[in-house]
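Notes follow the structure.
First the proteins, then the strands, lettered A, B, ... as listed; each starts at 1.
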2 protein chains.
Amino acid sequence: MKVSELSDLSGLPVQTIKYYIREGLLPKGAATAATRAEYDDRHLERLRLIKALREVGDLPIASVKRIVTAVDDDSVGLHDLLGTVQYALGPRTEPHAEDSGWQAARQDVDAIVAELRWRVLPDAPTRDMLAQAFLALRRLGLPIVLTQLRPYIEAAILIAEHEVGAVSVEGERGKTVQTAVATNVLYEQVLIALRRMAQEDVSARRFGEAADSGEPPHGAGGP
Amino acid sequence: MKVSELSDLSGLPVQTIKYYIREGLLPKGAATAATRAEYDDRHLERLRLIKALREVGDLPIASVKRIVTAVDDDSVGLHDLLGTVQYALGPRTEPHAEDSGWQAARQDVDAIVAELRWRVLPDAPTRDMLAQAFLALRRLGLPIVLTQLRPYIEAAILIAEHEVGAVSVEGERGKTVQTAVATNVLYEQVLIALRRMAQEDVSARRFGEAADSGEPPHGAGGP
DNA sequence: GAGCATTGGATAGCGATAGTATCCAGCAAG
DNA sequence: CTTGCTGGATACTATCGCTATCCAATGCTC
């Protein structure tokens, strides 16, 4: 297919597609002449993945590139791919290690991981991410108690087990891998949205007086 | 205290503090002369909150502003504050409603919320957020099954109940409110980090190095 | 096979975001 | 009285993620 068709089918401007090719997110089309190239379904699928990672996952271009590079690399196994994705998602703001409070927070994290006997690499970005949150909470005068943390840990385990269990290793690698990436990034958004909704619900029952005690208004739908 | 002290204590450059004041994130110091102003602990605390929301929550300045404005407004109750925070967090990428697939995704979301009898406002941004994820999943050929969703819903409820239960309504409003905001934004990061860690753990056990059969991962791991 | 639209490839520009840097003048304390 | 730190204003910068423009070579239509 032509680039204009690719554009129509993906919903992305031709210029953006060109940009993605320049950035190495999308392979070039098969050149049929100096000013002509042929694109196929793989391009379209890749474009859809990029779109999902950008629009839903809100990943920067550089992160998307790292992910698709790993997806395309047949020598990368499923578990390593997960690692790549998590590095790409990483903590958006890098911590600076000279901070004394940082060291403490990071040690708290390491202690928790050790106690849970989780197989998490020592330099996994998730450790930094968690430590950063701990540090911020401490600085705000909200110390982390393990009992406070328990429900989060249980929820995390519940979900992770479900997710990894849902990955089917059958079929061709490309499909499996794309599914794994999408699950990781998109269901994270699903989880976040559901948590916020549940929060609103529980909060409404507890503090909300404005909402009538009856059912949520049915007909009041709309934007 | 002087602005330079505030800078030292908060770890933010003086120029950045000035910038935050310009943007309305931080109130001006009490002017003692034309070129002198006095800052107090409230300024420091606010700065720490801003820092946490920016660095951990990764919120744009405009969102932080909306949040602190609500925090400062005594007429805003706890539940409404939550709403403000959720609007500020919102879906980063706005959906365009003309898409036909969007309508369907959004209806799926509304149906789920209705079935769960959750008290979520009809125009809550979380609905759009979830619909966006649904739409992206569908476009990638990964339809959403309710059984797939169950663990997420259960986890969300588990966490939300724990969180809202932890909010103490006693004490002065300022503290309560700051705690509520911090809980919302920072523990979201905690949850995300924990989920990713748990994923790595489960994945390591399943696909990790000690792989027995199937495809041995070619150690070309992280970046 | 003439003519017009479309492409690939390259380069330049743009708008938003989040700060930095500079300048100026008024104080403040030694 | 001098030194150096403010507050306030304005200007500049860097990064990101696209857009826009240009050009020459095609392809497609008639």
Find the distance [X]:[atom1] to [N]:[atom2] and express it as a whole number of Å.
X	N	atom1	atom2	answer
B:Leu6	D:dC5	CG	C1'	15 Å
B:Gln15	D:dA11	CD	P	15 Å
B:Arg92	D:dC16	CZ	C1'	16 Å
B:Ile21	D:dG8	CD1	P	8 Å
B:Tyr19	D:dG7	OH	C1'	19 Å
B:Lys2	D:dG4	NZ	C1'	10 Å

*Quick one: on DNA chain C, does A:Val3 or B:Leu59 contact a more 5' nucleotide (nearest heavy atom)?*
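Its nucleotide being nearer the 5' end, the pick is A:Val3.
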
Tabulate below the donor-acceptor pairs under 3.5 Å that side-chain atoms of residues 55-65 of chain B make, not counting sequence neighbours, or state none.
residue	atom	partner	partner atom	Å
B:Ser63	OG	B:Ala88	O	3.1
B:Lys65	NZ	B:Glu23	O	3.4

*Under 4.0 Å between any heavy atoms, over every strand shown, what does B:Lys18 touch: base, sugar-phosphate, or nothing? Just pick one.*
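Base contact - B:Lys18 has a heavy atom under 4.0 Å of at least one base atom.
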
*Mark yes when over 12 heavy atoms from residues, nucleotides or ligands other than B:Arg138 sit less than 6.0 Å from its CZ; otherwise mark no.*
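Counting neighbours around CZ of B:Arg138, 12 or fewer heavy atoms of other residues, nucleotides or ligands fall under 6.0 Å, so no.
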
*Neighbour count above 12 (heavy atom, 6.0 Å) for B:Arg66 CZ*: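 Above 12, so yes.
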
*Closer to the 5' end of DNA chain D via nearest nucleotide, is it A:Thr35 or B:Gly29?*
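Here B:Gly29 is the residue nearer the 5' end.
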
*Could you give me the CA-CA distance, side-chain angles and deciding distance for B:Leu186 and A:Leu140, then say whether side-chain contact (heavy atoms from CB on, under 4.5 Å) is met?*
CA-CA 11 Å; B:Leu186 300 186; A:Leu140 285 169; 3.9 Å; yes

Within less than 4.0 Å of OP1 or OP2 of [N], is there a side-chain N or O belonging to [X]?
X	N	result
A:Arg54	D:dG17	yes
B:Tyr39	D:dT6	no
A:Thr16	D:dT19	yes
A:Tyr20	D:dG17	no

*Can you run through DNA chain C from 5' to 3' and write each base as (, ), [, ], | or . depending on how it pairs? Watson-Crick or G-U wobble, both distances under 3.5 Å.*
||||||||||||||||||||||||||||||

*Derivation and outcome, salt bridge (charged side-chain N to carboxylate O under 4.0 Å, His left out), residues B:Glu188 and A:Arg195*: CA-CA 9 Å; B:Glu188 180 166 300; A:Arg195 181 192 87 123; 3.4 Å; yes

*How far apart are the closest heavy atoms of B:Gln189 and A:Ala133, and which atoms are they?*
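Closest heavy-atom pair between B:Gln189 and A:Ala133: CB-CB, 4.4 Å.
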
_Can you confirm whether B:Asp41 sits close enough to B:Met1 that some side-chain heavy atom of one is under 4.5 Å from a side-chain heavy atom of the other?_
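SC-SC contact between B:Asp41 and B:Met1 confirmed.
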
*asked:* What I'd like to find out is whether the side chain of A:Leu194 reaches to under 4.5 Å of the side chain of B:Trp118, using heavy atoms alone.
replied: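 Of all side-chain heavy-atom pairs linking B:Trp118 with A:Leu194, at least one is under 4.5 Å.
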
*asked:* Nearest to the side chain of B:Arg36, heavy atoms from C-beta on, is which of D:dA9, D:dG27, D:dT6?
replied: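 For the B:Arg36 side chain, the nearest candidate turns out to be D:dT6.
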
*Proximity to the side chain of A:Arg22 - top-ranked nucleotide from D:dT19, D:dC18, D:dG7*: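 Given the options D:dT19, D:dC18, D:dG7, the side chain of A:Arg22 is closest to D:dT19.
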
*Hey, are B:Gln15 and B:Tyr20 close enough side-chain-wise for a donor-acceptor pair under 3.5 Å?*
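The criterion, which ignores hydrogens and geometry beyond distance, is not satisfied for B:Gln15 and B:Tyr20.
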
*Run the side-chain contact (heavy atoms from CB on, under 4.5 Å) check on B:Val120 and A:Arg196 step by step: do they pass?*
CA-CA 10 Å; B:Val120 173; A:Arg196 291 191 194 158; over 6 Å; no

*Would you grab the first and last nucleotide of DNA chain C (5' to 3') that comes under 4.0 Å of any non-hydrogen atom in chain A?*
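The protein-touched segment is C:dT6 to C:dT11.
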
